[in-house]
2 protein chains.
Amino acid sequence: MARTKDYGHFCVIARSLEVIGEKWTLLVVRDLLRGPQRFTDLLRYMGGITPKWLSARLRELEAEGIIERDSVEGRREVWYRLTKKGRDLAPVLESLAVWGIEHAMRPPQPGEPIFPEMVLQATTIFLNRRGVHPAKPLVWQFEFGERRAVFVTFDGERWSSRQDEPGAADLTITTTLGALIAFLYAPLSERRSLLSGLSLEGSEDARQIFLETMTRPAAATA
Amino acid sequence: MARTKDYGHFCVIARSLEVIGEKWTLLVVRDLLRGPQRFTDLLRYMGGITPKWLSARLRELEAEGIIERDSVEGRREVWYRLTKKGRDLAPVLESLAVWGIEHAMRPPQPGEPIFPEMVLQATTIFLNRRGVHPAKPLVWQFEFGERRAVFVTFDGERWSSRQDEPGAADLTITTTLGALIAFLYAPLSERRSLLSGLSLEGSEDARQIFLETMTRPAAATA
DNA sequence: CTGAATCCGACACGATACTG
DNA sequence: CAGTATCGTGTCGGATTCAG
């Protein structure tokens, strides 16, 4: 007993950290917030984690009721997804991201893997934080050639990023990871000129909304 | 290099966790959010931490620009306090507390130290979360006999708990730790009857505001 | 009394290889 | 695809000691 991850304090913050404060745990939640994932998906997103520790974290999270396993009948695949208790961690991840954007962000280091999923996840967190509110709900589909598509949605209240298609897309953005990052991390004044790296496919209305959302001061990332 | 606390991901969340994700780090911030503290204050609040690790964490936090050391001229005391970068972590602590209140709280375990500072800190986080908004700013002073007083303030926007006096108190609540916990953790319907364990000293107006704030549905803790 | 440093053991974690 | 097994290292807890 008295395992080293425990604090033994009568304090809700310490209690929360006992549950989700170990290494990798919140990053598993981060990735599952974009939708259900398989073991190897998670392994790939969390560059550097070993299968042993991913197993351990997944079993702990399942024991805590934060994630659930979904085995597809007949197949050996296992899909992991968040329970409500797990989805309720979204504000924790968002506050961490907001703090990190202001105080810990840095350019990609040599050798650091970059995933469009996470770039867009950070973008939606930022749009929520800045209170960017389009007039109506929308679905943007980002395509990167070989990779899986990533969907950015606004449901009328909140932005989120998903990997499973949430419905018919209003706009499809085809681009490369490099062009997307160049666009998102550019100062607002330069964004319009970087649009050439993005191919937008959708109604004129949908293209206008995208343009306004991404080049309005409230959506600045820098 | 490639220390084990690092992730090597291009992700703001992973970056934040590299900075504040190690054991004890966020609990240091938790305690400093209530005001500047000395080494031994922190040692006491974080039951179980060894001086060695508290030293290490304080030096790391200082190197990151999250805390600052204040040496009082002539005295050997060192006071630690948060910088803006550190105060900006408040939303992270709050979201952790909110999640913990719903999903990880449990009654005090045998041997767990209990501090009124943390009980009241959790209370103010909860009042903020529930959007409890008295008509005007206020200062409540909680007295527990021998211990230092704890101040709960509402500045017109947000609740907070402090250990240094923020100004003249509108109301002084004298009680014991046991009576306070019994009161705060009781269902709303039973709170009024538990008021007998609290001695309120202040204007009739101030007493009324306290009563309404603490027995109104929005302020429920259970 | 405050703010540490030191030694040692337990365990959390990383690297690599391997399996159903 | 979804994990285990083995082995080494790093992080942390516990006790003791020490200087200002």
Side-chain angles (χ1 to χ4, degrees), chain A residues 1-9 14 17-28 31-32 36-63 67-81 111 113 148, chain B residues 1-9 14 17-28 31-32 36-63 67-81 111 113 148:
Chain A
M1 278 307 151
R3 305 256 317 289
T4 112
K5 73 164 180 180
D6 293 324
Y7 290 104
H9 294 194
L17 291 171
E18 287 178 1
V19 178
I20 49 79
E22 286 174 298
K23 193 166 182 187
W24 301 110
T25 302
L26 278 181
L27 297 190
V28 174
D31 289 335
L32 291 178
Q37 313 274 357
R38 291 168 301 181
F39 189 86
T40 40
D41 297 327
L42 296 169
L43 211 50
R44 186 164 32 87
Y45 289 127
M46 286 179 271
I49 196 174
T50 62
K52 166 185 171 176
W53 285 110
L54 181 55
S55 292
R57 290 295 171 265
L58 289 171
R59 270 185 274 108
E60 291 161 11
L61 284 167
E62 193 185 1
I67 66 173
E68 286 172 339
R69 294 165 55 102
D70 256 339
S71 309
V72 180
E73 191 65 32
R75 285 184 160 260
R76 251 174 28 83
E77 289 185 344
V78 179
W79 288 83
Y80 294 93
R81 57 187 170 80
R148 269 166 88 179
Chain B
M1 278 309 147
R3 305 257 316 288
T4 115
K5 74 164 179 180
D6 293 324
Y7 289 105
H9 293 195
L17 291 171
E18 286 178 1
V19 178
I20 50 78
E22 286 173 297
K23 193 167 182 187
W24 300 112
T25 302
L26 278 181
L27 297 190
V28 174
D31 290 335
L32 292 179
Q37 313 274 355
R38 292 168 301 183
F39 188 86
T40 40
D41 296 327
L42 295 170
L43 211 51
R44 186 164 32 86
Y45 289 128
M46 285 178 269
I49 196 174
T50 61
K52 165 185 172 175
W53 285 111
L54 182 54
S55 293
R57 290 295 171 266
L58 290 171
R59 269 184 275 108
E60 291 162 10
L61 285 167
E62 193 185 2
I67 66 173
E68 287 171 339
R69 296 164 55 101
D70 254 340
S71 309
V72 180
E73 189 64 33
R75 285 184 162 262
R76 274 195 287 96
E77 290 183 344
V78 179
W79 288 83
Y80 294 92
R81 58 186 170 80
R148 269 166 87 179

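- A tilted orientation is assigned to the rings of B/His9 and A/Trp24, their planes being inclined by 30° to 60°.
- On a pure distance criterion of 3.5 Å, no polar donor-acceptor pair joins the side chain of A/Lys52 and the base of D/dG3.
- Atom CE in B/Met46 sits roughly 18 Å away from atom C1' in D/dG14 (whole-Å rounding).
- Note that CG of A/Leu32 is 6.0 Å distant from CD of A/Gln37, once rounded to the nearest 0.5 Å.
- Rounded to whole angstrom, the span from the CD atom of A/Gln37 across to the C1' atom of D/dA2 amounts to 15 Å.
- Residue B/Thr50 has no polar side-chain atom (N or O) positioned under 4.0 Å from OP1 or OP2 of D/dC12.
- Rounded to whole Å, the distance from CD1 on A/Ile67 to P on D/dA2 is 13 Å.
- Close to D/dG3, at under 4.0 Å from its OP1 or OP2, lies no side-chain N or O of A/Arg57.
- Put simply, B/Arg69 has a side-chain N or O that comes within less than 4.0 Å of OP1 or OP2 on C/dA4.
- The shortest non-hydrogen separation linking A/Gly8 to B/Pro113 is O-CD, 3.4 Å.
- Residues that satisfy the ring-ring contact (aromatic ring centres under 6.0 Å, His included) test with B/Phe39, not counting sequence neighbours, are absent from this structure.
- Backbone-only engagement by B/Thr40 is indicated by non-hydrogen atom pairs under 4.0 Å involving sugar-phosphate atoms exclusively.
- Every residue two or more places apart in sequence or in another chain that forms a side chain to side chain contact (heavy atoms under 4.5 Å, CB included) with B/Arg69 is listed here: B/Glu62, B/Val78, B/Tyr80.
- Atom NZ of B/Lys23 is separated from atom P of C/dC11 by 12 Å (rounded to the nearest Å).
- Among the nucleotides C/dA4, C/dA17, C/dA12, the one closest to the side chain of A/Pro51 is C/dA17.
- Rounded to an integer number of Å, the gap from A/Lys5 NZ to D/dG13 P is 14 Å.
- The CG-C1' distance, from B/Leu58 to C/dG3, rounds to 10 Å in whole Å.
- Of the candidates C/dG3, D/dA2, C/dG14, D/dA2 carries the atom nearest the A/Glu77 side chain, counting heavy atoms from C-beta on.
- For B/Tyr45, the ring-ring contact (aromatic ring centres under 6.0 Å, His included) test picks out B/Phe115, with sequence neighbours left out.
- Under the rule for a salt bridge (charged side-chain N to carboxylate O under 4.0 Å, His left out), the partners of A/Arg81 that lie at least two apart in sequence or sit in another chain are A/Glu68, A/Asp70.
- Spacing between atom CG of A/Asp6 and atom C1' of D/dC12 amounts to 13 Å, rounded to whole angstrom units.
- Closest to the side chain of A/Glu22, from the set D/dA2, D/dG13, C/dC13, is C/dC13.
- The side chain of B/Arg44 contributes no N or O atom lying less than 4.0 Å from OP1 or OP2 of C/dT2.
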Interface polar pairs with nucleotides 17-20 of chain D, N/O, under 3.5 angstrom:
| residue | atom | partner | partner atom | Å |
| --- | --- | --- | --- | --- |
| D/dG20 | N2 | B/Arg76 | NH1 | 2.9 |
| D/dG20 | N2 | B/Arg76 | NH2 | 3.3 |
| D/dG20 | N3 | B/Arg76 | NH1 | 3.4 |

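- When the nucleotides D/dT4, C/dA4, D/dT11 are ranked by their closest atom to the side chain of B/Tyr80, C/dA4 comes out on top.
- The interatomic distance linking B/Trp53 (CH2) with D/dA15 (C1') rounds to 15 Å, in whole Å.
- Under the salt bridge (charged side-chain N to carboxylate O under 4.0 Å, His left out) criterion, B/Arg59 pairs with no residue at all, not counting sequence neighbours.
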